[in-house]
Amino acid sequence: MQISERIYHIALVEDDGALRTLLTRHLRQSGFPTRGYATAAEFRASTEQYDLIVLDVMLPATSGLDLCRWLRQRSTVPVIFISARSSHTDRIVGLELGADDYLVKPVDPGELVARIRSVLRRSQDAREGEGQDNVSIVRFDGWRMDRRRRELFAPEGPRVSISEAEFDLLGVFVGSPQRVIGRDTLLEHSRNRLPGNESGDRSVDVLVSRLRRKLGSVDGGRELIRTVRGVGYVFTAKVES
Amino acid sequence: MARHSLWPRGFTGRVVVVLVLAVFVQFLAGSILIRTGETHIQRQDQGKRLAEQLLIAERIVKDANPPERMRLLGNLSTIHTRLTLIEGEPAIPPGIDPEALAIANAITEFEPALADHPLRLSLAPGSALDFSRRIEGALAIGDGLWIGFAANEAVVGWRVLLETTLRVGIIALFVLGSAAVLVRTLSAPLRRLSDKAQLIGTADRIPFDEEAGPQELREVSRALNTMQERLEGVITQRTQALMAVGHDLRTPLSRLRLRIDGIAESEDRRAALADITQMTGMLQELLDFFETGESRRAPEPTDLSSLCQTIAEAFGDLGAEVSYEGPDRLVIQGVYDHLARAIENLVDNAVKYGGAAALRLSADPDAGLAAVTVEDRGPGIPGAEIDRMMRPFERLDAARSDRLPGMGLGLSIAANVAEGHGGRLELANRTGGGLRATLLLATK
């Protein structure tokens, strides 16, 4: 779980030279040894092993999407797209190809690092067999959660709106169903997505109550998250993937 | 222009006016021609008959004994013409009435033997009822003797004329009536075309039938189709160009964002970061405007309640006061991202102008509509400006746009989304101040 324990190597494929240099520098300063590549061909020619690939969608000759497809046929290495295109379709295409996240330019450097950490943790959890993090679609009590697209659907299909923080929280719950989860664990997973200026525990409670309300739009939804007084919460539903 | 009052606006009306005028002229000309023709035939006819009678009378009277003459002439009279013997100057004035000239000519033409006899001819008033006139005249047969004659039949009378005029008039009316019906039939496709043409620009593409209706209208249909194609091409090109600019600016903006990271913390650095955030927002606004304006995305069941809650909470987390009131669940057919964008824009406006927002959700099952209402206590919008504010790139005033970043597309995007969801955006000033924006959305 402690991702700071080891060094993660990152490859950045970005055709814009200046941006490549700037991003590489920023990632290195953030503790990730990073190497930049200008084209898909250049990257493919490399024999290096990376822990995560940051891919620009629009690359000359072979696009980032094609490169992602090529990568997916060979490995499960996490991929984060950065793209100048923000439309729903572009995003979905990227995620459907198996990318783990999709960021729209101009990328906020802090946000990029946070997303890299989040994706790395998820892939590490998956490797260690913790939870169902490697599975895209998760079902519980008629609900459907698309972890890749970060979308939640109520029984009978309507899409239910959920904030990023609530989604992460729900992700922790479905990852450890029918087990008591402490507030500190929830807090750790929901870092820098907490609402307002509340103290940590209080923020987790606010998030849980919001999530409960949304799950409560369907009968029995409120009971899916039960409070264990003084400790934390239990996600009561059976989770299928 | 004054003639506008007489000149009908519609195509049918105009054609009918033209037809009425044409038929009237034809009627007049017809009447005159018929009258002239009939008069001519009748006079020729009368002239010939008179000529025959007069020639016979002349020969008989010349050969007969003077006492017998009067009686013989009496015998020669017919129900059409009465003949008398006049000794000395006849009562008829000398010469030939100009209007009876045709008859005189007919007489001498038909019986040239009468040409050297002095002839007097006049048109005497006949019946006072129909203003007809009768021929009277006298033919000199020598020795101071004249054969007087008087026709019993009127020269083309009022009644004859009236009858023919009536007949021609009735025909004219029939022609006019059927023509009006035909014109209406003919103009029906034109009206349909114009009704359809009104819709150009409101939906994707209005197809015009190039295979129906008269040739000219087919050509108009073809022209309209081509025009729409061309317009679409131009618009698509412009949109794509703007979108490409929107996309392409994001890479240099990314560089700028990262470069600023290298600058030491300062007021300028914070301001530069704020500028980048503003530019990013503007680009997103522009792209959203195009995306919501011509969305091809299929609607999916979407819960508006949770959407409104998420938005209210997100604004709340950023320090704005946004309340939510409504059901726990309200599912409509919609495009999630677009709905989110529209509601966010409305709440954002309310927070910007009014400092706080009240977000409410309700459904009207009878109308098949869901209503997302966003209210603020800001300055509102002057009544006359409300329509303008929904148009793209419009802002209430220039001074305010400095303070509030954006491209003025927020309301247009919301309106686009509402229309894309079978509804509309309504703006109204609240009593007591502030603005109420209502996003109406079809539930099915």
Side-chain angles (χ1 to χ4, degrees), chain A residues 14-26 29 56 58 82-92 103-110 112 151-154 156-166 193-198 203 206-207 210 213-219 221-222, chain B residues 243-244 246-262 273 276-277 279-280 283-284 287-288 290-291 295-297 299-314 316-319 324 327-341 343:
Chain A
E14 162 65 64
D15 61 314
D16 186 277
L19 184 57
R20 190 172 60 244
T21 311
L22 287 159
L23 269 177
T24 308
R25 193 167 70 203
H26 177 79
Q29 281 166 1
D56 183 8
M58 282 190 283
I82 49 172
S83 171
R85 304 180 71 94
S86 57
S87 87
H88 177 81
T89 322
D90 291 312
R91 191 184 183 83
I92 292 304
L103 271 89
V104 175
K105 290 180 185 176
V107 177
D108 181 278
L112 177 62
E151 292 171 359
L152 179 67
F153 299 89
E156 286 151 46
R159 174 148 176 210
V160 171
S161 172
I162 184 167
S163 73
E164 294 289 310
E166 288 158 22
R193 288 207 207 271
L194 291 172
N197 302 316
E198 313 273 359
S203 296
V206 168
L207 268 187
R210 286 179 182 176
R213 188 139 66 112
K214 283 170 184 170
L215 294 172
S217 66
V218 174
D219 282 346
R222 272 182 177 281
Chain B
M243 286 178 90
H247 290 138
D248 291 352
L249 278 175
R250 280 176 164 162
T251 296
L253 210 50
S254 291
R255 291 200 296 259
L256 199 56
R257 175 69 189 79
L258 282 155
R259 285 189 212 281
I260 287 169
D261 249 26
L273 281 174
I276 288 177
T277 308
M279 280 166 74
T280 308
L283 289 179
Q284 190 58 51
L287 294 167
D288 281 340
F290 290 125
E291 226 221 58
S295 177
R296 302 272 188 282
R297 278 176 61 190
E300 287 162 344
T302 303
D303 175 38
L304 281 179
S305 300
S306 58
L307 189 54
C308 289
Q309 283 170 38
T310 306
I311 290 168
E313 286 157 7
D317 291 346
L318 293 172
Y324 168 73
D328 283 339
R329 185 182 158 96
L330 205 174
V331 177
I332 70 162
Q333 284 289 327
V335 177
Y336 180 90
D337 299 333
H338 293 179
L339 291 169
R341 191 67 198 187
I343 300 169

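Here is how names work: the chains are called A, B, and so on, in the same order as the sequence lines, proteins then strands, and each is numbered from 1. Note that these values count all heavy atoms, side chains included, but never hydrogens, waters or copies made by symmetry.
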> Where do Ala84(A) and Arg250(B) come nearest, in terms of heavy atoms and distance?
Replying inline: O-NH1, 2.5 Å
>> On a heavy-atom basis, which atom in Ser161(A) and which in Thr310(B) lie closest, and how many Å separate them?
In response: OG-OG1, 2.8 Å
>> Just verifying a value: how many Å separate Asp261(B) CG and Leu23(A) CG, rounded to the nearest 0.5 Å?
In response: 10.0 Å
> Heavy-atom distance under 4.5 Å between the side chains of Lys105(A) and Thr251(B), does that happen here?
Replying inline: yes
> Is chain A contacted by the side chain of Gln333(B), its backbone, both, or neither, given a heavy-atom distance below 4.5 Å?
Replying inline: neither
> Among Ser87(A), Gly216(A), Ser86(A), Gly157(A), which has the most heavy-atom pairs under 4.5 Å with chain B?
Replying inline: Ser86(A)
>> Using side chain to side chain contact (heavy atoms under 4.5 Å, CB included), reason through Glu300(B) and Arg159(A) one step at a time and then give a plain yes or no.
In response: CA-CA 8 Å; Glu300(B) 287 162 344; Arg159(A) 174 148 176 210; 5.6 Å; no
> Any side-chain heavy atom of Pro106(A) sitting closer than 4.5 Å to one from Met279(B)?
Replying inline: no
> Would you call Arg257(B)-Asp108(A) a salt bridge at under 4.0 Å N-O?
Replying inline: yes
>> Using a 4.5 angstrom heavy-atom cutoff, name the option from Asp328(B), Thr302(B), Leu258(B) with the most pairs to chain A.
In response: Leu258(B)
> Considering all heavy atoms of both residues, which atom of Ser254(B) and which atom of Val107(A) are nearest to each other, and what is their separation?
Replying inline: OG-N, 3.6 Å
>> Report which part of Ile162(A) has an atom under 4.5 Å of a heavy atom belonging to chain B: side chain, backbone, both, or neither.
In response: backbone
> Considering only heavy atoms from C-beta outward, does the side chain of Asp303(B) approach that of Lys214(A) to under 4.5 Å?
Replying inline: no
> Any idea which heavy atoms bring Arg329(B) and Pro158(A) closest together, and the distance?
Replying inline: NH2-CG, 3.9 Å
>> Please identify, among Pro109(A), Ala154(A), Ser163(A), the residue contributing the most non-hydrogen atom pairs under 4.5 Å to chain B.
In response: Pro109(A)
>> Rounded to the nearest 0.5 Å, what separates atom CG in Leu253(B) from atom CG in Leu19(A)?
In response: 10.5 Å
> Where do Arg210(A) and Glu313(B) land on the salt bridge (Lys or Arg N to Asp or Glu O under 4.0 Å) test, with the steps shown first?
Replying inline: CA-CA 9 Å; Arg210(A) 286 179 182 176; Glu313(B) 286 157 7; 3.6 Å; yes
> In terms of heavy-atom pairs under 4.5 Å, which option from Pro252(B), Gly246(B), Ser305(B), Ser306(B) contacts chain A the most?
Replying inline: Ser306(B)
> Relative to chain B, which segment of Glu156(A) carries a heavy atom at a distance below 4.5 Å: side chain, backbone, both, or neither?
Replying inline: side chain
> In terms of heavy-atom proximity below 4.5 Å to chain B, should His26(A) be classed as side chain, backbone, both, or neither?
Replying inline: side chain
> Where on Arg259(B) is there a heavy atom nearer than 4.5 Å to chain A: the side chain, the backbone, both, or neither?
Replying inline: both
>> Under 4.5 Å from any heavy atom of chain B, what part of Glu166(A) do you find: side chain, backbone, both or neither?
In response: side chain
>> Only pairs of heavy atoms separated by less than 4.5 Å count here; which of Pro301(B), Cys308(B), Gly334(B) has the most with chain A?
In response: Pro301(B)
